[in-house]
Structure formats: structure tokens, C-alpha cells
Protein chains: 2
Amino acid sequence: MPRKITIHQIAKEVGLNASTVSLALRGDPKVREKTRDRILEAAKRMNYEPNNLARSLSNGRTRIIGVMLSDMSRFYEESLEAVFTLGEAAGFTISVRFCSWDQAREKAGLHSFVSNRIDGIIWGPTDYNTAEIAEMDALLHKFEVPTVMYGLPDDTQSLHCYQIGLDMQKSIQVGLAHLKSYGHTDIALLAATEVQGMFGRMYRRRMAMFRDAFIAEGLHLDDRRIFEVGDDNCGGLDLALKLSQMERSQWPTAIFAADDLLARELVKSFKTLGVRVPEEISVIGYDVFPWAMGGQLCSVNLNTKEIGEKAIQMLLKCINSEHPQQFDQRVEVLPQIRLGTTCGRPRSR
Amino acid sequence: MPRKITIHQIAKEVGLNASTVSLALRGDPKVREKTRDRILEAAKRMNYEPNNLARSLSNGRTRIIGVMLSDMSRFYEESLEAVFTLGEAAGFTISVRFCSWDQAREKAGLHSFVSNRIDGIIWGPTDYNTAEIAEMDALLHKFEVPTVMYGLPDDTQSLHCYQIGLDMQKSIQVGLAHLKSYGHTDIALLAATEVQGMFGRMYRRRMAMFRDAFIAEGLHLDDRRIFEVGDDNCGGLDLALKLSQMERSQWPTAIFAADDLLARELVKSFKTLGVRVPEEISVIGYDVFPWAMGGQLCSVNLNTKEIGEKAIQMLLKCINSEHPQQFDQRVEVLPQIRLGTTCGRPRSR
DNA sequence: CTGAAAGCGCTAACAT
DNA sequence: ATGTTAGCGCTTTCAG
């Protein structure tokens, strides 16, 4: 038996024409059931595997959706799962590229998507380098590859692609506003700075966003209220210890932890040290780990699952439609407070 | 300008034949530099993007390497990065599929690889379901898709694929042996059991491996020496607290933490509680986070980077060679102890 | 219901 | 150095 089976060989085997085989393999009702069974049997017996290159070249679509991500952060996990589930249900294969926060690699990956005539792209762009994004956007548009970008700030109206808006700074403000609603004004920031990884840039950007968010909410973020810990430390424990050696009157009344794991550790450490949360100090987390502390943690929920769902739904609509223009070009996903037990009114002084 | 540019249109534009354009685009020295420049200029101006479907259908290779992974665990991060770097340097695009620990999805993904005539596959199989693996292995072999599987135990000689052997149980034994070499025999296990995630199966398997490893090293693992914590707890802190309320004579002399983050937290918590590590108790970590504690942590290093490097190197050799059979079919990656400051001789009783 | 023929965009001999 | 021709494997009219 030759190495790679084609429909012609199957056709010869069963004494029919290749085009009939082609129809049968795709379950076209034009082929009589009996003939189809014969064909399918032969195909299986001969270990036939369709050649998507030929198929796609011929009919003009690949039934593949490409997803471009920067890294394997858990931030993407939930949304990617949604993309898989809904995408596969609609008959698409999901192909992922990672760029490791490298713009050259990102560009190459997107090019590979269009070269391989992917049917649509979901893109969580690396960085808000407007010019670069605009350039790729123009290219993708020129090739008429439906594209959904997500995690975009709101100054991107000029882009052609569809967008899932997620305003990170506003999401931080949501957390701050929540604290303010309890009466907190002296809020500290606990942030991890992963030095070793490739996320340095992201962390720096996030830090800048925190500063801006404080300002936007009319809050003062004193440098001495910023606790930066390396990712190889136990930031929560360190901070709890540090505070326990300070006069309580010197404490902030609330702590905004830059991620849920830090927040979790902080709360647990406070408990260990006999500090009551939220009676003596409030803690709010951020992003990524909805399951941290079994729902006890008060935290800003970025709704990543919803992001994934909206992205794939938008894309599928777009791919299946003749007139994609009729859809909203941008959908906002709103962060919300995930209520827990770790925030309360500030202690009276 | 028509929507999708082909080499024929470029050819017409510059008054040459399509095959010349084809050669020029690939930088073939047969075409004169001046002509090539003209062609490239036109291609860029017309926004030409090569059609890999046609290209691959014609020349029989896609220059794409497929990677099949179960999830976005950080376990894969380092090895995947190595695959990217070396793979791209060799001119390949790396396309990733995730199966979320779902065998149907895994199978579909591998089929999509062969349908799309990927040049080679790197596969970190979900589970050691021998029959399923053997079936896919046979299929991939029949289609002559060079495949490297990794993370395989050593009872898989019958497979056709190339293999990066990583014996997880032995890696645990390496850690245990290290503790034994200091004189530890009363060793406790600290393990997280992520209930919410999709990793339940993996955790259970890992737990079984720990038990087997203890037995293989001639150690007794009492049930009361197993501390299982949910992933939404702070396991390290909890355990440190628990122990601090016990008579020291009841303590184990060493703790094997099932991952580095737990170990890190444990060590930090001990420090907080005034317990000296390793003078009063030794701690060893496992896997995944080489940077945890800035190298202070003594831990079992799974060498995931090396796994990725070996996998892609094997695959490239195989793809580029006429006679792949001449290479070793299986390479073992050996876990090692990453020395730190958290292990020492047991306290005298 | 099945067969014949053209073509998707590109490559690879072979000619010129 | 450039042009001609014949596919790669499949889909898709269009005939029968």
C-alpha cells in the first residue's frame, strides 16, 4: 500500500470516481448510503487521512482559528478554554502561537496565520505599541482575515479589527472605588515584580497603571505605601510581618494586592499573626485566580472567561456572515468586584 | 487591486513569468538581482502574502512543527520556550494545540496535525493510557509524521515514536535519596490538591507516584505524615502552624513539598515562626519553579528546558534526515538535585 | 446518483 | 536568466 492515500486511490479501490469519494467522505446526501458505506469502509481500511492543504486550497477556507498569545499566563487560561469549547463546537480547530513578549515573533506568528490562510484570528496583543498594532491591523484587514483583539485600551477606534475592550486601569479603579466606598483613603499597594521571567515589561506597565489609577480616583499613593516584592519572596508574609512591627496608627487601612495569590498569602499571614481581616485592615486582590481562598477573598474580577466567550462568538459571527460590518466593532468587558469577606470599614483611629 | 494577490498577478505586473517570480520570492540565485528587486518591490507594493497551502501542497512540506500540550502549566513553559527558539532558528513555525486533559480533544488535535500535513510533532501526552497512546503512535507512524513524545515512563519500548524519557517516580526518589544521604528517615509529604481545576487526575497520579517512590526507597510513609492541602489554602503556612503546635519530638525531620511554591511558603513560614531551616527541619521542593527563593531552595530539578531542547533537536534531525532510523529512539533526561540551603542533617533526638 | 474536467496557488523539472 | 508544462489532492460545476 502506498504511503499516502488519496481519494483517487480509494476511488480505484472501490471502482468509482474520485469526486464521488469526495462527496461521500463529507457525508453528502447525493451519494447513496450503500455506496457511501463501501467508500467509508475502504477509507478506514486504507488509513485514509484527508489532506487539508488540498481541501483548503480548493474551497478557500481552512476551518482553523488562530490564537496569538504572549505567554502561558493563567490570565489566558479561562478565556482560552472558552475559545476552545465554543470554537470546536462550531467545527473549528484552534491553533495557538506564543510570542514570549517578543514583537518580532509576534509579527512572524501573525504572518504565519495569514500565509496559512487561517479563517480568523484572536489576538491578545503584547504591548500597547500603537504603531505596531496599527500596522498589523492594517495588514490583517487587507487580507480580510477577521480578527478580534482583546485586552485593548479605549484609544483604538481607528483600528479595523473587532475588539474586546478591557480597560485595566479602570479595573484597578473599580477596586479602589470599592475601598473608597467603605471609607478607605490610606491604601497601600502590594505588588510582585518578577525579575527573572520575561514579564518585566508587563509588570512595569502594570505598576504605572496602578499609579495612574490612584490619581484618577483622587487618592494619594505615597512611595512608602508601595511594597514591592520579588517573585521569589513571599510578599504577603513579608508585608504582614513588616506591619506587625509597626505602630498600628501608622498602618494603611487597606491593602490592594496586585494579584490574588499575594492577597491570599497576605490574608492568611495576618490571620497567623493575630491580625483580624477586615476589622483591623482590609485586603483586596486582583485578577487571575478566581478560586483563591475559596471565594473568601474580595477581589477585582476581570471576567476572563467572558472575554474568551465574547471573542470567539464575535469571530464566528464574523466568519459566517457575508456582511461582517453590521456587527458592533467593539464590546467592553467590565471588571466587577467579586465580593468576599476581606474588605470592610476602616478601623477608627 | 484584487483581493488576494498571486504570483501570476505579480508576474503580469512586472512582465515576467510566474515561475520566475516564485524563484525570486524565495531568493533563488538563478534570477538576476535586478529582476529580483523589481519583483520584490512589486510584491511588497501589491501586499502579496504567499499562500502556504499551495506551497506546501506542491512541495510536500509545511515547515510547521506541531506541539500538543495538556494545559498551560508552567511545567511546559521552559521547554516550550526552547522548542520555539531552536525551532524558529531552523525555519519552522511552532503551532500549539491544547487538549485540557481531554483525550477526545487530544486525538482530534493530533488528527488536525496530520490532516494539515505538519512536518513533525512534539507531544507531551496527557495520560499514560497505554492503549490510546499506542493507537495514536501507530497512526502517526503510518503517516510518517516524525513524532517526539516526552514525559514518558520507561515501559513504552514498543512505540515507534522518538521519546524523551522522564521518569517522574525516579525523580521523586532522587529527592528522597538526597534526604536519606543526610540521614533522614522520618520524612513527611506536603502536597496540594487542586480540586477546582482540571488537574485532579494529574494530582492523583502524582500522589500515587509519591507513595511508590517512598516504598522504592525503602521508606515508610505514614498516612499521618501526609499533609494534603487544597490549592486555595496556604499549605506551607498551615503546615508550619500545625507543627508549631506539636511536640518537636513528634516532628518529621524533613518535609518533601510536592512543588516549589509550597516549599517556598513553608520555609518562609518556618522562618516567621522562629523555626530554623535546616537546623531544626529540612525542606526539599520539587519541579517547575527553578527561580523560587532565588536559588536558596533545595529542590528536585526536572530539567524541563533540557527536555524541550532535546525534543526539538531530535525532531529536527529526524525531519532533515533521509534515514531517521539511525538515531537513538529514546533519550533520558535525568532529574538532579538543585542544591540549596534548606536541607541538612536531621536534628538529634 | 455518478463521472469528467477545470481549477485553487504554488513548485519543480525541463526547455529555451 | 527566464519561460513552459505538469502536477500536488481536493472541490466544484456541469454532464450524463
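Quick note on labels: first sequence line is chain A, next is B, and so on, each numbered from 1.
If you take CD1 of B/Ile10 and C1' of C/dC10, they are 12 Å apart, rounded to a whole angstrom. We find that CD of B/Gln9 is positioned 11 Å from P of C/dC8, with the value rounded to whole Å. We find that CZ of B/Arg26 is positioned 12 Å from C1' of C/dA13, with the value rounded to whole Å. In this structure, B/Asn52 atom CG and C/dG9 atom P are separated by 14 Å, rounded to whole Å. Between A/Lys12 atom NZ and C/dA4 atom P the separation is 13 Å, expressed in whole Å. Distance, A/His8 NE2 to C/dA4 P: 11 Å, rounded to whole Å. Rounded to whole Å, atom C1' of C/dC1 lies 10 Å from atom CG of A/Leu16.
Across all strands, B/Ile7 comes closer than 4.0 Å to base atoms (heavy-atom distances).
A sub-4.0 Å separation between OP1 or OP2 of C/dC10 and a side-chain N or O of B/Asn51 is absent. Taking only side-chain nitrogens and oxygens, A/Arg36 never comes nearer than 4.0 Å to OP1 or OP2 of C/dC1.
Judged by distance alone, with hydrogens and angles left aside, B/Ser22 brings no side-chain donor or acceptor close enough to the base of C/dA12 to form a pair under 3.5 Å.
Salt-bridge annotation for B/Arg45 and B/Glu13: present, with a side-chain N of the basic residue lying under 4.0 Å from a carboxylate O of the acidic one. Remark: A/Glu144 does not engage A/Lys142 in a salt bridge, criterion side-chain N to carboxylate O under 4.0 Å. The pair B/Arg26-B/Asp28 does not count as a salt bridge, with every side-chain nitrogen at least 4.0 angstrom from each carboxylate oxygen.
Taking CG from B/Leu23 and CD1 from B/Ile39, the interatomic distance works out to 8.5 Å, rounded to the nearest 0.5 Å. Rounding to the nearest 0.5 Å gives a distance of 5.0 Å between CD of B/Glu106 and CH2 of B/Trp123.
Nearer to the 5' terminus of DNA chain D, by closest-nucleotide assignment, is the contact made by B/Gly15 (compared with the other of A/Arg61 and B/Gly15). In this structure, B/Lys30 and B/Glu49 both approach DNA chain C, and ranking their closest nucleotides by distance from the 5' end singles out B/Glu49. The residue among B/Asn59 and B/Ala18 whose nearest nucleotide of DNA chain D is located toward the 5' end is B/Ala18.
Boundaries of the chain B contact region on DNA chain D are D/dA1 to D/dG9, first to last in 5' to 3' order (nucleotide atom under 4.0 Å from a heavy atom).
Defined by atom type and a distance below 3.5 Å, a donor-acceptor pair is present between the side-chain atoms of A/Ser100 and A/Arg105. A/Thr93 and A/Arg63 are not linked by any side-chain donor-acceptor pair at a separation below 3.5 angstrom, with hydrogens and angles left out of the test.
With sequence neighbours left out, the side-chain hydrogen bond (donor to acceptor under 3.5 Å, both in side chains) criterion links B/Asp102 to no other residue.
The aromatic rings of A/Phe98 and B/Phe98 sit perpendicular, their planes meeting at an angle over 60°, well past the 30° parallel limit.
One end of the helix from C/dC1-D/dG16 to C/dT16-D/dA1 points its axis 40° away from the other end's axis, with each axis taken from 5 pairs and the angle rounded to 10°.
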